[in-house]
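The structure appears below as structure tokens.
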Amino acid sequence: MDSAVPALALRDIACHFPARGNPGGTYTAVRDSTITIAPGEFVSIVGPTGCGKSTLLNVASGLLKPSQGTVEVFGQKLTGINRQAGYMFQADALMPWRTALENVVVGPEFAGMDRAQADRLGRDWMARVGLAGFEKAYPHHLSGGMRKRVALAQMLIMDPKVILMDEPFSALDVQTRQLMENELLDLWQADRKSVMFITHDLEEAIALSDRVIALAAGPGTHPIGEFAIDLPRPRDVAEIRHLEEFSRLHAQIWEALKEEVLKGYAQGKR
Amino acid sequence: MDSAVPALALRDIACHFPARGNPGGTYTAVRDSTITIAPGEFVSIVGPTGCGKSTLLNVASGLLKPSQGTVEVFGQKLTGINRQAGYMFQADALMPWRTALENVVVGPEFAGMDRAQADRLGRDWMARVGLAGFEKAYPHHLSGGMRKRVALAQMLIMDPKVILMDEPFSALDVQTRQLMENELLDLWQADRKSVMFITHDLEEAIALSDRVIALAAGPGTHPIGEFAIDLPRPRDVAEIRHLEEFSRLHAQIWEALKEEVLKGYAQGKR
Amino acid sequence: MFRSQNTRILLAQILIFILFIAGWKALTTFGIMSKFFVGDPFIVAGRLYEWFATGMIFKHLGVTLFETVVAFILGSVLGLLVGLWLALSPTASQLASPYLKGFNAMPRVILAPIFAVWFGLGVTSKIALGITLVFFVVFFNVYQGVREVSPVTLANARMLGASRTQLLRSVYIPSATSWVFSSLHAAVGMAFVGAVIGEYMGSAAGVGYLILEAEGLFDINGVFAGVILLTFFALILDAIVGVVEARLLHWQPREAATVGAPA
Amino acid sequence: MFRSQNTRILLAQILIFILFIAGWKALTTFGIMSKFFVGDPFIVAGRLYEWFATGMIFKHLGVTLFETVVAFILGSVLGLLVGLWLALSPTASQLASPYLKGFNAMPRVILAPIFAVWFGLGVTSKIALGITLVFFVVFFNVYQGVREVSPVTLANARMLGASRTQLLRSVYIPSATSWVFSSLHAAVGMAFVGAVIGEYMGSAAGVGYLILEAEGLFDINGVFAGVILLTFFALILDAIVGVVEARLLHWQPREAATVGAPA
Amino acid sequence: QTAKSQPEKSQPEKPNVTIAVGGKLALYYLPLNIADLKGFFKEEGLNVTIADFQGGSKSVQAVVGGSADVLSSAYEHMINLQVLDQPLKSFVLQGRYPGFVLSVTPELAKDWKGVQSLVGKNVGVTAPGSSTNKMIDLLMIRAGLKPSDVSIIGVGAGPSVLAAFRNGQIQATVQADPASTLLASEGLAEPKVDTRTLEGTKEVYGGPMPAASLSATDAFIAANPKTVQALTNAMVKALHFIQTASNDEILDVLPADMMVGGDRKLYAQMLDRVRPAFSPDGRLSKEAVETTYEALKIYNPKVRDAKNVDLDATYTNAFVDKAGAGG
Ligand SMILES: Nc1ncnc2c1ncn2[C@@H]1O[C@H](COP(=O)(O)OP(=O)(O)OP(=O)(O)O)[C@@H](O)[C@H]1O
Ligand SMILES: Nc1ncnc2c1ncn2[C@@H]1O[C@H](COP(=O)(O)OP(=O)(O)OP(=O)(O)O)[C@@H](O)[C@H]1O
Ligand SMILES: [Mg+2]
Ligand SMILES: [Mg+2]
């Protein structure tokens with residue numbers, strides 16, 4: 001799994017934010033975090049809510065400058081935006097003034113692709129995420145799950161080398177989610193991209209990943225455990241859950257996380 | 001479970017929306033849908049993404065007038081807003097210009113509660129959803145899961161008789177989610193409210209509900225199956241999953257839904 | 001049902017108009033105010049008719065409309081460009097802001113004679129005056145509109161590989177559009193004010209010239225005829241802005257509504 | 001680092017200012033333009049000094065500032081109220097909109113003499129003129145700002161039991177605040193324009209009166225001195241608006257940034 | 001006649017008086033400014049506020065609308081206003097000749113063949129419809145031409161006049177002072193028709209056309225005879241002062257910034273030119289009134305069409321007579 005040059009390396013990252021209600025003070029969301037992802041590796045990040053997963057992804061995308069530490073992309077130190085990466089945001093990030101199809105083709109359009117060709121590609125992707133027929137709907141005419149799928153298509157159409165995903169499937173029903181997961185795995189398999197995947201669904205994390213990283217509860221989040229998932233590939237996400245190895249891994253990661261969550265919650269309860 | 005006067009009754013609802021990209025045409029999101037919820041009943045709605053669950057909830061809240069059909073709340077025909085109901089939206093609905101605590105106490109404030117008392121109550125609720133210490137943070141300083149919990153507290157602090165929830169826990173990690181679920185069950189148990197609960201997580205639906213309603217894929221969504229959940233109460237959501245009855249119900253509902261999802265997806269793929 | 005609502009509004013509009021005219025007429029008829037100051041609606045209408053019947057108005061109207069439209073377009077475009085530029089370049093904004101604010105606050109209408117000195121007595125000086133009025137209304141809104149762009153949408157576009165100009169075209173401008181149009185409605189008025197005041201301060205033709213002439217002759221009816229004429233054309237220009245706005249902003253999320261629901 | 005950036009901006013500002021004065025002076029020194037049209041910066045400065053040294057300016061300045069501030073406050077409040085009202089009542093909006101648009105487009109400055117008749121020659125008529133200018137800038141932005149309120153946030157507040165006034169206070173107004181402030185910056189300018197033009201058209205005191213006198217005497221230096229004085233105070237008023245704005249809008253989401261990250 | 005029976009220095013009924021004037025610092029209104037600056041009004045127990053307007057017509061509106069008490073404007077407005085049913089009565093004259101000058105560019109001046117040389121040219125006036133515009137109309141009509149044979153351009157009375165000449169936008173203009181003198185001293189234009197003198201005035205108006213006067217409504221005069229008398233007294237004093245004082249004495253009264261560009265010499269020059277135009281005693285002669293009426297009939301259709309114009313109602317010399325007797 002290790003490779004000489006990682007596709008993505010977060011080294012010794014710390015992120016301090018201005019503290020709420022305490023002018024001048026800071027809140028340390030992330031600290032001492034080192035995460036490397038090899039080319040072609042699929043890594044999932046799990047951790048209690050509010051611990052700093054999205055913050056790490058923002059750092060990896062180059063959108064957020066860490067207070068400390070460096071990011072490397074294929075060995076190059078990252079300074080601006082991470083141009084190798086596609087990022088599917090946790091929040092709604094579609095452009096409300098564009099229809100679903102227009103949103104999907106934004107990337108190719110920016111890259112200067114011919115209008116007709118981009119359209120064809122966009123329609124193709126709309127169908128792949130199960131939204132054929134909704135091309136002309138504006139985002140606010142779509143359901144929450146549909147918007148997520150538009151965002152998915154918008155990111156994947158760019159065919160990025162590094163994929164950053166923040167809870168991409170949490171708004172989908174189980175069945176649709178499995179379809180999308182398989183779609184993602186197919187794509188990843190076809191031309192091994194590097195994926196950094198955030199999820200709250202442990203089963204999803206195990207089913208998809210080569211490695212699962214568990215984070216501690218905030219403040220001062222940092223990785224507390226890494227779990228290599230050596231389940232056979234190619235996988236079908238619906239069936240792999242029935243393997244015994246799967247249950248073992250699930251229990252193992254669950255154990256590691258449980259304490260953290262309770263810790264975080266206890267803090268939150270004061 | 002049946003009672004003379006249901007707490008909430010959607011009768012023969014149909015919702016047509018203006019069609020996208022086809023001026024003058026309409027898209028029928030929901031049709032022939034009748035759903036009644038008895039006082040003190042906990043009903044979950046499951047169905048494929050984009051089928052019309054949120055639309056039904058909007059109708060139940062009085063925010064959306066259906067094209068056809070009527071809504072009754074404790075026997076009264078609903079005309080304006082449903083004043084008996086609390087609604088936790090699927091989308092982010094916090095006021096960005098208010099801190100977390102100020103958001104939580106919005107309801108009591110509107111109801112004219114004394115400032116200090118509302119504050120005390122609000123802090124109490126912030127702690128109950130595990131966010132003590134984040135009172136002064138603005139929504140955009142909170143993580144996705146934290147915002148959801150603020151919204152939860154904002155709604156529950158009102159102590160509504162009818163609770164409408166649209167995927168309230170989907171942005172939470174498994175452990176936090178179970179804590180929240182138990183919190184909700186405690187509350188519901190204490191003084192039997194009527195709950196209409198939308199989720200994509202079948203296990204969650206079964207673990208919490210008295211009844212699960214499955215919806216068909218859109219367009220023209222309508223209930224295709226109702227499943228009474230006669231598991232013993234009080235329940236602990238973490239443990240109830242291990243009951244045999246649970247697995248039976250899960251398989252049963254899963255079967256009913258699977259087809260629908262694949263149907264919807266096939267349509268979407270054209 | 002929708003229709004009858006609109007019909008009712010129209011009827012109410014007409015009623016208000018008739019009441020307005022009747023009230024105006026009554027003011028002088030019953031001597032509540034001197035007709036020296038409020039004129040007579042029928043004489044005003046007659047004056048307007050005469051202006052059009054003799055065709056003498058077309059030259060003046062043409063001049064004023066030309067000045068207004070050019071000032072409106074140039075001022076808006078300039079406000080848009082400078083607003084975008086300063087909103088996106090903090091350094092430029094810090095450097096320019098005291099000058100812009102000062103110039104905004106400067107009573108430019110007083111500079112009309114100086115504009116006449118710099119740009120002559122023809123249409124150019126009126127256009128220049130109109131631009132200085134239109135510019136700021138648009139500028140401040142564009143500036144604020146750009147800064148209100150949703151940070152997530154912006155980040156998304158950047159991740160999708162948008163260059164600076166693409167960001168501008170695909171994110172900043174569409175997002176600021178409703179701000180721009182809000183300012184354009186006020187700007188229509190400003191453009192007319194600029195043109196007419198410019199003419200009023202010194203000119204050879206235009207509706208402002210006519211108004212000034214009428215004022216010199218204590219002919220309040222002529223003044224009102226000119227003002228009403230201008231108002232009418234301002235409404236037309238505003239309606240055009242409204243049509244473009246409706247077209248460009250049709251995507252805006254409004255409260256959801258089903259088809260066929262009883263209101 | 002932050003500090004040195006600010007220092008550099010300040011230095012650049014000062015440099016621009018010096019260049020500006022030098023350029024101005026050069027215009028007349030080298031006879032590029034007649035001193036009748038551009039004046040001399042040093043004489044202007046001298047005039048300003050004299051005005052303050054003799055104290056004669058305070059009366060005029062007081063009058064103008066009073067008119068401006070009152071027009072600004074009343075016009076803004078009126079614009080806010082009417083904007084809220086029309087944005088929330090579609091029927092009222094449909095009924096009133098042609099009249100408002102027409103009045104917006106009307107060159108109100110021409111009505112200054114009528115205002116003088118209605119409100120007298122004192123400060124009231126100038127305030128009235130200023131209000132008509134300020135009102136529309138604020139009105140259009142409030143109107144649009146209210147309609148831009150997020151439908152979900154609004155629905156949420158309604159579900160939480162907000163009455164109409166509570167919706168107004170807790171949702172519409174906070175949400176429209178950035179729109180309001182954007183318009184207030186333009187409105188500062190309009191309030192000064194209103195006061196000064198009112199004085200210019202006819203008055204017995206005020207900076208506009210001084211400017212009118214200076215113009216009658218071909219005293220361009222006096223005109224510029226008056227204009228610069230007004231500009232200075234407009235900047236102060238604008239800065240006050242800016243401070244209030246920063247206070248009320250501190251919640252606005254900006255691009256996230258960590259503490260201590262290298263820029 | 002009641003005024004005559006009153007004792008000389010009685011208190012005015014309305015010590016606070018607002019006088020409306022359009023372009024206060026023009027030489028046209030020098031007597032008013034002198035009365036104010038020399039404290040003549042104060043001596044009469046009056047507290048006068050002078051409200052300055054951007055144009056003559058605006059000052060008229062202020063008085064008709066009641067926001068000012070007394071009007072300082074061209075006498076001809078008395079007749080205009082009577083026709084419009086808004087009568088005012090003039091009670092003391094400031095200028096006996098209008099003081100407007102038709103100035104033309106040096107090129108035009110070179111082969112000046114009278115007013116017909118203006119045909120097809122752009123002629124600047126202070127504002128369309130103003131007295132300066134009417135003078136051009138009158139000149140054209142008297143020369144057998146139509147007013148529309150020239151293009152009338154409003155150029156104001158400030159620096160824009162100079163600019164309009166410099167940019168070649170106008171070839172002639174009718175202006176009062178200081179614009180006329182400045183145009184000449186800057187070499188931008190030469191005076192061709194000069195109504196600062198009797199001859200020029202006769203040439204244009206066919207007689208002694210009166211200029212500025214103070215006026216008020218009959219109601220105001222009836223209610224405040226002592227106030228009006230006091231105003232008249234002060235004005236007559238000022239007129240007398242202008243007649244007798246040297247240039248320097250007059251200049252000493254005026255604050256430095258009232259002199260165009262602070263240029264004392266230029267201002268003295270200007271004074272020399274306009275001095276004959278001021279009324280020596282404040283009286284309006286029957287001839288002057290009739291001249292005005294005849295002129296108005298030519299260029300103002302409303303006056304031409306009006307039946308029964310009562311010229312006697314437009315003015316009174318009673319107060320001036322009284323002031324003369326007292327002073
Ligand atoms: N711009 C900001 N200003 C201040 N604090 C912030 C900011 N962004 C994030 N934080 C804080 O950093 C912490 C981590 O946030 P983050 O969004 O990374 O959590 P997360 O792991 O993605 O949670 P979730 O699973 O709920 O999405 C939170 O406590 C949050 O309050
Ligand atoms: N305002 C609207 N205009 C047009 N179509 C709409 C509108 N609101 C919803 N729809 C359509 O109605 C259908 C149902 O939407 P709804 O949001 O109810 O789905 P949902 O079941 O909540 O899905 P999800 O699980 O993804 O949240 C969708 O196809 C959507 O496109
Ligand atoms: Mg997150
Ligand atoms: Mg939904």
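Numbered from 1 within each chain, the chains take letters A, B, ... in sequence-line order.
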Counting backbone as well as side chains, what donor-acceptor pairs lie under 3.5 Å between chain A and chain C?
from: A:Ala93; atom 1: O; to: C:Asn156; atom 2: ND2; distance (Å): 2.9
from: A:Trp97; atom 1: NE1; to: C:Ser170; atom 2: O; distance (Å): 3.0
from: A:Phe110; atom 1: O; to: C:Gln166; atom 2: NE2; distance (Å): 2.7
from: A:Tyr138; atom 1: OH; to: C:His250; atom 2: NE2; distance (Å): 3.1
from: A:His140; atom 1: NE2; to: C:Trp251; atom 2: O; distance (Å): 3.4
from: A:Gln154; atom 1: OE1; to: C:Asn156; atom 2: ND2; distance (Å): 3.0

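- Both the backbone and the side chain of A:Ala85 come within contact range of chain C, judged by heavy atoms closer than 4.5 Å.
- Surrounding CZ of A:Phe74 are more than 12 heavy atoms belonging to other residues, nucleotides or ligands, all under 6.0 Å away.
- For chain C, the nearby parts of A:Met95 are the backbone and the side chain; heavy atoms of each come within less than 4.5 Å.
- Here the closest heavy-atom approach between residue A:Phe110 and residue C:Ala157 is recorded as CE1-O, 3.8 Å.
- Atom CD of A:Gln189 has more than 12 neighbouring heavy atoms from other residues, nucleotides or ligands inside a 6.0 Å radius.
- Summarising the local packing, CZ of C:Phe58 is surrounded by more than 12 heavy atoms from other residues, nucleotides or ligands at distances under 6.0 Å.
- With sequence neighbours excluded, the residues forming a side-chain hydrogen bond (donor to acceptor under 3.5 Å, both in side chains) with A:Ser209 are A:Ser44, listed by chain and number.
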